[in-house]
Amino acid sequence: MENYTALIVLVSIAIGLLDLFTDRWPVLQRQLFPMVTIVLYSFFAVLYYYGPDIWGYVPHFENIDPPQQVWAHPDKYRMFEMGYNLLCSILHLWGFSYWGMTVVIKTLYFTALYLLLRQLPKHQMFALASVVMFDSYLIMHETRQCLAVSFLIFMVLLMQRRQYIWAVLCGVLTVTMHKSGFIPVSLLVLGVFLYRTRQQAWIYTLFIVFLMIMVVLPVQSISTSILDILPLPKSYIHSLTHHLLLGRQFQIIAVIYLSILLILNVYVSYFRQSRYSWITCMVLAGMGLIVVMYPYYFLLARVRSYFIPFIIYYIFLLFGQSRQFKVVPYNSLIKQVFMLFILAYFTHTAVSLERGARTLHSPVYRACTVFELRHSGQKQIRDRQMKIAERYWIEDYMKSQNNKL
């Protein structure tokens, strides 16, 4: 296939179908969940010098100084965040290759995801497959943010267990791994004002109305002068300006967002005794950001990765609480329709990804795995993949005029 992401999405769809077929056997689902996690993890771990972002990440990792010098001269490595720089420096000092570093990051991510989703009473496999389908690009390419999301999940899990000192440490690591990490960490801290208060369904009703308005209203570019008044460092403003270059009024995924909001609205209204926990605070914040940023999908794709695992976890937690929600009309039907709709949407996504890859000048998304070392040397593969990545940035990246603001 021309697009390895499309292959992973198809594998995730197959896992989702397996979950649907085993709906009546939750014990079997729990037994299959660790094996399915390993299978999906392996698809990501074997990637070798893969993707367009290696153009910046590989030279940074290969030429980084020892940790004490990185700490003493932060301006030398200000292209990336200090936490990420120190991690790369330590792993480089220990003899890790660039591929070894990416495996460490993916291991952290899947460990965090496994610890979160294993708490579900049912549908752990479908929840895992859904997160992977939504965030496969994050796991494969966005190295720093994948680290930040991993530590955020650890942070929330620790806060759920009231281990606040370790949670604060994970929060610091989240922010120092990727600059966007300050958004979910700040919103989680603000969640202290909601913690242990009762959830209100009307909030999701408001989100539904607002999202429908956003779908109807034409997309407008946000002026740089508006961004400049935000109390953020210049590097943050520059990144925001770049990510606000693309916008689209109607997107098919809006139907997914609306269905999630409808489910939250219906189930929360029936479960009136439910109080906010740290996870549900993240769900509320995440859906709020998705609604507000909906037109600017390029920026939203960055921000929503922090919240997707918690939103999906909570949706399937609601579906799995059969005793509490047996009074919800057509509970089983709602669950099955939602799951089938997710699979249908990502089947369309897989086809679109494959078609899109065939239009590029550079085969940047074609699979490159460690198994190629059987026939070629490490340097040969590295140099070839770096040339492919360079060609992508020169000839393909944001060259289309579609959706530019």
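Just so it is clear, the values below take in all heavy atoms, side chains as well, and ignore hydrogens, waters and symmetry mates.
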With under 30° as parallel and over 60° as perpendicular, where do the rings of Y164 and W278 fit, or are they tilted in between?
perpendicular
Should the pair Y137 and H141 be assigned to parallel (<30°), tilted (30 to 60°) or perpendicular (>60°) ring geometry?
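The arrangement is tilted - the two ring planes meet at 30° to 60°.
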Less than 4.5 Å apart, any side-chain heavy atom of [X] and any of [Y]?
| X | Y | result |
| --- | --- | --- |
| E372 | R384 | yes |
| M101 | T143 | yes |
| F316 | K122 | no |

Quick one about [Y] and [X] (side-chain donor to acceptor, distance below 3.5 Å, no hydrogens or angles considered), yes or no?
| X | Y | answer |
| --- | --- | --- |
| H73 | D65 | no |
| Y306 | S180 | yes |
| S277 | T280 | yes |

Say whether, by atom type as modelled, one donor and one acceptor occur between the side chain of [X] and the main chain of [Y] under 3.5 angstrom.
| X | Y | result |
| --- | --- | --- |
| R30 | P121 | yes |
| T174 | L152 | yes |
| T176 | M82 | no |
| Q385 | Y50 | no |
| Y294 | Q251 | yes |
| Y4 | F43 | yes |
| S89 | N85 | no |
| E390 | W55 | no |
| N3 | A357 | no |
| Q29 | Q124 | no |

Salt-bridge present (R391, D396; N to O < 4.0 Å)
no
Pair D383 + K387, salt bridge at N-O below 4.0 Å
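Judged by the 4.0 Å cut-off on N to carboxylate O distance, D383 and K387 do not form a salt bridge.
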So if I apply the ring pair (Phe, Tyr, Trp, His ring centres under 6.0 Å) rule between Y57 and each of Y98, F80, Y49, which one comes out positive?
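Checked Y98, F80, Y49 against Y57; only one passes ring pair (Phe, Tyr, Trp, His ring centres under 6.0 Å): F80.
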So which atom in A6 and which in A350 form the shortest heavy-atom distance, rounded to 0.1 Å?
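Distance-wise, the nearest heavy atoms are CB-O, 3.6 Å.
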Compute the centroid of each ring, for [X] and then for [Y], and state whether the two points are separated by less than 6.0 Å.
| X | Y | answer |
| --- | --- | --- |
| F207 | Y257 | no |
| F61 | F96 | no |
| Y84 | Y77 | no |
| Y41 | Y109 | no |

D23 vs K335, test: side-chain contact (heavy atoms from CB on, under 4.5 Å). Steps then yes/no.
CA-CA 11 Å; D23 187 29; K335 178 184 70 175; 3.3 Å; yes
Evaluate the criterion side-chain contact (heavy atoms from CB on, under 4.5 Å) for residue pair S305 and F134; output intermediate values, then yes/no.
CA-CA 8 Å; S305 295; F134 271 106; over 6 Å; no
Could you go through L116 and F310, starting from their C-alpha distance and side-chain angles, then the distance that decides it, and tell me whether this counts as side-chain contact (heavy atoms from CB on, under 4.5 Å)?
CA-CA 8 Å; L116 173 67; F310 303 106; 4.2 Å; yes
